[in-house]
Amino acid sequence: MRILISCVLLVILSLGLVFALEQAPFGSNQIDNADKPGRFYLNQGMEKTGAANVVTSVVVTYRGFDTLGEVTILFIAAIGLGAVFHSRKKVKRYEKEKQSASLILQTGCRFLFPLIVLFGTYVFIHGHLSPGGGFQGGVIIASAFLLLFLGCEEKKIPMKSMNTVESLAGIIFVGIGLAGLYWGESFLENFLPRGMDYMLLSGGVIPIIYIAIGFKVGAELAGIVAGLIERNP
Amino acid sequence: MTLGLLLIVAFGGALLVYLPGKISSKLRDVWAVLVALAVLLGTATFYGKSVHDALSYQFLGLPLVLRTNDLSWFFAIAISGVGSFSIIFSLSYIKNRERTDFYYSLMLLINASMLGIVFAGDLLSFYVFWEIMSWATFLLISYNRGNALPAGMKYIVMSMTGSAAYLVAALSLYAKYSTLTFSAISTQITTASPGFTSFILILGFMVFGIKNALVPFHTWLPDAHSEAPSPFSAVLSGILIKMGTYGFILFLYVLVGFHQFSQLAWKAVSLQSVLCWLGAITIVIPTFIALMQDDAKRLLAWHSIGQIGYIILGIAYGTSLGVAGGAFHVLNHATFKALLFLCVGAVEYRTGGVRDLNSLGGLMRRMPITFIGALIGAFGIIGMPLTNGFVSKWLIYKTLILNQDPFLAFAALLGTWGTLLSFYKFLHNIFLGQLPEKYKDLKKAPTSMQIPILLYSGIIVLFGVLPGIPLKIIAGFVTSFGLTPLNVNLWGIVSETGTLNTINLSMAVVSAFFAAWVVFAFSRRSVPTTAQDTYAAGASIPRDKYQYSVEFYNPLYRMMGRYLRDVVDEFYGWLARVTQMTGEIVRRLYTGDARDYVLYIVLIVAASIGLKIWWPT
Amino acid sequence: MIVSIFLLVIGAAIVLCLIRLIKGPTATDRAVALDTVTTVTTALLVILALVFKRYIYLDVALVYAVLMFIGSVAIARFLEKGI
Amino acid sequence: MEESLEQILELSLTLLMLGGAVCACVFKDLLNAVIAAAFVSLMAAILFYFLQAPDVAMAEASIGAALTTAIFVIAIKKTKRVEEE
Amino acid sequence: MVERIFKKSTTRVRIFLYLFILLTLVWMALTSTLHWQELTAGVLISFILSLFLSKSYVGLGLPTPTVKTLSFLLIYIASLFKEIIKANIDVAYRVVHPKMPIRPGIVVVKTELKQDLAKLMLANSITLTPGTFTLDIAGDKLLIHWINVSTQDEEKATQAIALKFEKHLKRVFS
Amino acid sequence: MVAVLLIIVPLGLAFAMPLFNFVSKRIAAYLPIAAMVCNLILSILLLPSVMENTRIVILGGLPPPLGIHLVAGPLGVGLSGLISLVGLAVSIYAWGYIKQGAQDKYHALYLLLLSGATGAVLTGDLFNLFVFYEILCISSYALVAYLGDRNGVESAVKYLIQGSVGSGLILVGIAILYGMFGTLNMAQIAIHIDNVDSPALFLALVLLVTGFGVEAAIFPLNAWLPDAHSSAPSSISAILSGIAIKVGIYAVARVLFTIFGVAVVFQYVLLLGLATLLIGEICAFSQDNIKRMLAYSSVGQVGLIVFAMCIATPDGVGAGLLQLVSHALSKAVLFLGVGYLVARSGSMSLSSLNGIGKRMPVVCFACVVAAFSLVGLPPFVGFAGKFLIVRAALAGKSIFFTVLIGIVFLATVVEGAYFFRMVQTLYFKDAKRQIEYKKVPASASIPIMALVVFIVALGVYPDVLLPYLKSAAADLLNKAGYIKEVLG
Amino acid sequence: MHIAGMIAIGIGVLFLFLGSFGIVRLPDVYNRLQAGTKCTTFGCLFAVLGVGIVEPAWFWKALLVSLFVLLTNPISNHALGRAAKKSGVPLWDGSVVDKSRDFPSYANTEKL
Amino acid sequence: MFHQSTYFVGCVGLMIVGLYTMLTKKNLIKVIIGLSLFETGIYLLLVVVGYIQGATAPIFSRTTGSPAEMVDPTPQALVLTAIVIGVAVLALALSLTIRLHEHYGTLNLRKIRGLKW
């Protein structure tokens, strides 16, 4: 019964969606107009911000407020998870007969861990030059911590310093935004010189913000993973 | 003294009761009485004046108007009078109960809001005061706990329905005329279409019918009256429900105008005749239901409905005599019903909350003042000459007879018979007959209770003998409605077919009493026996059967009791149950299964798409 | 030209993996299929980078190579009741 | 590269993705469902790549395929593995 | 006491240097450029990261980075490459062959390597070479899945599977 | 420019929460208060200047059609003032109320919720609206489950599932709009939308309204509401009911009026609002669990607000906004008050609160006032709202609206019935047990009474709000004016 | 250079395909792992290096990718194989020997 | 427009499969998997909407530098944001699921109905 009803509804929905999408004038003709943001970003984004990756300049400056919100959402998820899992009485460590990882895996993890972290750092530092950026880099770093968890369970993430990193990174983000308000004209404005194109030192505040985002996202996701793994029912 | 100031005193006094109440209860009592009397005095100063104040304070950009004229003053004085008497009565009645600050505050608040209603000069301020009155009344009805709670619920639900209807009516008027003041509306509404006028009037009937306990809307009243604290029952029955009457007069005569009203008809049925017949039904059926009641306050409550029928009948009839009768009956009913409730309250106070007619009896000697009060009140409600009830009923009968409406007249008469019968029962079962053993040591009612009782009795007799005093004011506003002017003198009223002269009547009645007394004094006396002497032929009798007043009108009850069910009440009960059940069913929508909820979301999107496909516009 | 054939062959490889993913009697089989898909995909991405002539796309492939390993390890650790 | 071949590849990848999605829907064993979901994520990432969105492809690969899978696996570990009837 | 601390610290410093060089190299490969900005950033980041993360390399058993070791490593890689190609052709053959000529089984082999990293490399090599696959490792024993079991004896299996890498690895990790 | 601080201050403080935690554990509870005081002052300072002409706050250095920007109009700043007022009251309340769980996390989440709400009402960019809406939603998911008890977690899960589906739909709608117009700026979309007639547009409208409707709790989408409101900690229920739903309504109104402005859909949404009203009230009527009853009452009120808004005249929208304010204040008081009642009596069933009014007079008095205000009795602010709604609905003199108003009143009567039942329970029923309840701490009674003062003051003199309502309604309804103000 | 690279890519792609084919064809998990590990690692290696050869500027990064693949793939496959063994996935019926009981941590498990 | 139609079918199909999973599967984790499928479909749609045929990614490099031949960067930025939001929701959902399982001992949504009507 339920299956029938949902099938009928979904068929209507999908037909409507596909039909409407087919009818809609999507595609290239839409951003040709110069007052459309997309075209503007492509034409002038590089000159204004100095970031070769236009997506990055959009993410960090033009739509930087979205990014702030997005970082906030991850932050919410991290502390929300902490709040949900909080229990006053310390649950005694309840060990299901846990299989420890094989030596190969442990060694491999330990060997790879710094490399992956380095890679994550690379991704977010080069966010304005190549694909990737704060989130991707942060996720890679968090994944490195996840790997550490999976491989060698004796390694613990120092939650306190993670929190500090998270907090500091968030404050730096907001602070750069406010600095833009102070030295420039608007929140999150690019107030540093934009540097030479295609070089590491270009893009004004973008690398700085991306470093902050990278640290923040990495710390938050690592915190989330740690919270999930360390939950003992 | 302006109206605004008066209302501020009234409301302020009501809200500030808590302050002296925090200090001492004595101070609080004094404060309450002082406020009530101040309001009474203040109201009295407006006698004969006609004021129309547009306030500088505006609500939501709408001007508020306070106004007074004969009509308002007439009601206002009744309100503040009944109010202050009840406050005085409460002094001892409420003394040992909890939350007395609350009680006084609400009593004063209700008085103040009723004053506001009658002084209001526009529909908005009317509504504001009306609503304040409604919720304050609700709180006070519920004051007694227990059975009072469902009574309060019934009251407030019906009252809210009414105020909703009022709001629709008022704002429809606003939408049409962009004003809410009475004067502006009344000048403009003459051009309205009959449909619109009847829409407004039907809504108005609903609103005021509910407050007035007109028959299809009466069901809240018996419960509410009987369960409220007695001094408040007096206010409730005496004056609060008359706010509905005021509203009727307002809508029929002030806003719409009687001429326009009488022409509203659908085929052969005119709105006026419907209203008259509703009044007649309201007289007869509740009166006979009252006959069956064993609870003193309930009995009085049902009679309130019956008396309201007279008022509505008089007002809806629309001759100047009828309106005068109805309006006068408002005042009269206020006095004698308040008096009766206060008497019951006194009895209740002394017997510890007993008001079951079957278990009382013979209190005449223990509480003589109360008895006299009850007697005069009963005379008043029956319409005995020498009491004011007689005058107003006479006016109404006269109207009916003059206009050759035998059925209505018969209905009114039937109502009087019923009243007579039931008040015989009432008096007998409480004050006459045998005194149960446990009430042997009953004391007299406290002074603070006796004062209002005596005052009311005095007023009843005074107005019965000198009806010209109130009738003069009534004649004033009746004339202003555009009806034929009334010719009033101190002793009565002069109409085209005859004159009411209370002097003659009084002489007749006094002589009749004298004759009766002579017969009574010289005939053989009956011997009082105690309840324990009842012969029971050795069988054990249930304890309550010792009283021979049990099941007073048993044969009558057996004869027609089954037809006297309150069908309307059952209907409302059914409605409430249906609502509840609907709720129970509708709640099943929230199945608790998250997938269903997602289904709803998808459903509404799909339904919108489907609608768009089928209904392309 | 020849690259398109390469791409199609890789597509076929992915289809085969999907078949194993659907059929695989045990969860391990499916995990193996997923792991294989990852490797195949990494190669695909690198070849696509060649097709699109964008050097920077190689980073994506690198991310694949690094991260899918973690996904597989997570599944494996779950299967051996390790987490 | 010819357009048609690219299109065929895109179409087939789309279909593969949908196939994976159906698997994720059908599998009773939650772990299998998670694996299928990771597969879907993978295919989606390739499609992003085809749509010239390397940033998104990277994010989808890193978040959708690795982290999400791991989180799901952990959650399954802490609860129940098999979808009960 | 002082000596022990010194010894330990030197180990840490050694590991730190190791990691630092490794990371810098990887960074250079990642950026594939020799521009000063990238190099500075790489050195800086590698320094910071190796400062914080060198703990993870403690006890891994890293070989001393001498020219000899490196050359042995290259030899090892070359032999590994050869084996890998062999393995692939072998597996491809078995897979494609319509009759699927396989005789799978699980055998145990022994190793004499001590360092964790060495064991890892051995296991990886075994996994990548013809028809063998490391299932588990415990102490000095490896559990091997063999696609074409030719002997069930532990010594002989060791001979057939592990020894060819072990000899190179021993030299690297000596 | 200052308007951006309305969002940044709570956000920054929430980010800094872990750092403050190193200084002292107790400091966490004061941060929301500080942030809200700051916001309140800012909004009040901004409001007069904003009334004259809307301020556009550029973010990221590009003027409106290109970058994100905040629209500090009368509506936005007014709503942010409301948010900070209720937020301030609730944060003072929470100071004494939240004693269990990870308190610093609670306060951080709470701050984020408020900044999300503020951002959502201020922003002028569609996607940014979505982001802030998500901040609001996600932090409320976490807060609903804050206590970690069975009901809380269960309702949070259900809330989350529905909310996520809703936000997914919003995203699809945004995608369609972006695809068609190549912009996310609401004003620019509004310009172009009149020139295009496409089924995709209708689809986008439906998806956006449905998506935001989940948070706004329009009828078939509101199943999360009773669960979440009844099982969250009471301070959170107050915020959810007082603010979160309102942001949803704001978003729906923005989409309907400013972006699309299509008259056909109004009637449809109006009927949905009416259904919401009826169903909410009827369900509340048959409830015994007091918080659940209040939650269903919120559903009903939402229906009323949506109904009023969809009359789609300046009067109607203004009335809806006044009702929104009144509901925010009253429901906050009710939930805050009931929070302590429930905590003291130990049960949420209505019958366990019998006669509690004598023992906890202040709280019960506040609850009664708020209940009266919700029912729409003078002299409380709810009356003004109801009055305006009826006036606006009847102003068109159409029979259709008269009938609808009849239905609205039917629902109001039902609402009155259960609220009066609650009043009776609190005051006029005999308590079964004679327990001495602990006194309510000042941290609870002060904010409650402050809100009560607002309810009464605004009820007696609602005219203070009238100019704001008028310009806020114009802000919503006057599409051309909005476009002109944003794009110059 | 270009042709050499293309050939390398071709070899890689071929082996990737063969590996996938093996995954489908071989009878049990362990055998599939053999195919999955060796062929795909090898194929990927060749494909990536081939690309590096075609575009010499990309060589270092391609090398890095291939090194990562070479390092991670055996480890993850080993982990999967171990998981299969630990979770008790049975061997194919045609298997000749199972010596896992000689191994310390499987000493007391049932013969699978 | 064959190109885009393919993708439309793909993303709508993914969304529908995700929704179908959410609607019909009893298990909570399954429902969450459905949610993530649904969201993936949406991301795909967003990217498709900004796609221009024959254009390249909006990343300048020394060799590629014509802004006229690049796809619209904005949807990609939006999708990045959306993906992160999605993972946050997912993490929260799963943590709540774990907590719920501690309370109920089951993940069957038919049985997790402590709060209803």
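Model, not experiment: these values are computed from the prediction. In the text below, chain A, chain B and the rest are named by the order of the sequence lines, each starting its count at 1.
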Residue pair Ser95(H) / Phe85(A): nearest heavy atoms and the distance that separates them: O-CE2, 3.4 Å

Leu78(H) portion near chain A, given a 4.5 angstrom heavy-atom threshold: side chain

Which atom of Phe8(H) lies closest to which atom of Glu22(A), heavy atoms considered: CD1-OE2, 3.6 Å

Gap separating the CG atom of Leu94(H) from the CG atom of Leu228(A), nearest 0.5 angstrom: 7.0 Å

Proximity of residues 28-36 of chain H to chain A, residues having a non-hydrogen atom under 4.5 angstrom: none

Contact winner vs chain H - Val71(A), Val84(A), Leu221(A), Val58(A), heavy-atom pairs under 4.5 Å: Val84(A)

Distance, nearest 0.5 Å, that separates CG of Leu74(A) from CG of Leu92(H): 11.0 Å

Name every donor-acceptor pair, under 3.5 Å, that has one atom in a side chain of residues 199-219 of chain A and the other anywhere in the protein, sequence neighbours excluded.
| unit_1 | atom_1 | unit_2 | atom_2 | d |
| --- | --- | --- | --- | --- |
| Ser202(A) | OG | Gly50(A) | O | 3.4 |
| Ser202(A) | OG | Met199(A) | O | 2.8 |
| Lys216(A) | NZ | Glu166(A) | O | 3.4 |
| Lys216(A) | NZ | Glu220(A) | OE2 | 3.0 |

Listed once per pair and sorted, the ring-ring contact (aromatic ring centres under 6.0 Å, His included) pairs that draw on residues 10-31 of chain H, sequence neighbours left out: none

Top of Pro58(H), Pro75(H), Ala91(H) for chain A proximity - count of heavy-atom pairs under 4.5 angstrom: Pro58(H)

Student check: side-chain heavy atoms of Leu80(H) and Gln136(A) closer than 4.5 Å: yes

Option that, when pairs with chain H are counted at under 4.5 Å, heavy atom only, ranks first among Ala77(A), Ala78(A), Gly80(A), Ala52(A): Ala52(A)

Max heavy-atom pair count under 4.5 Å with chain A, selected residue of Thr74(H), Val84(H), Leu19(H): Val84(H)

Arg63(A) side chain vs Ala77(H) backbone, donor-acceptor pair below 3.5 Å: no

For chain A, the option from Val9(H), Thr24(H), Thr81(H) that forms the most heavy-atom pairs under 4.5 Å: Thr81(H)

Atom pair CG (Leu42(A)) and CG (Asp72(H)), whose distance is rounded to the nearest 0.5 Å: 6.5 Å

Which donor-acceptor pairs under 3.5 Å do side chains of residues 4-17 of chain A form with protein atoms, sequence neighbours excluded?
| unit_1 | atom_1 | unit_2 | atom_2 | d |
| --- | --- | --- | --- | --- |
| Ser6(A) | OG | Arg2(A) | O | 2.5 |
| Ser6(A) | OG | Ile3(A) | O | 3.2 |
| Ser14(A) | OG | Leu10(A) | O | 2.9 |
| Ser14(A) | OG | Val11(A) | O | 2.9 |

Check against side-chain contact (heavy atoms from CB on, under 4.5 Å), Leu21(A) and Leu45(H): CA-CA 10 Å; Leu21(A) 291 175; Leu45(H) 177 65; 3.9 Å; yes

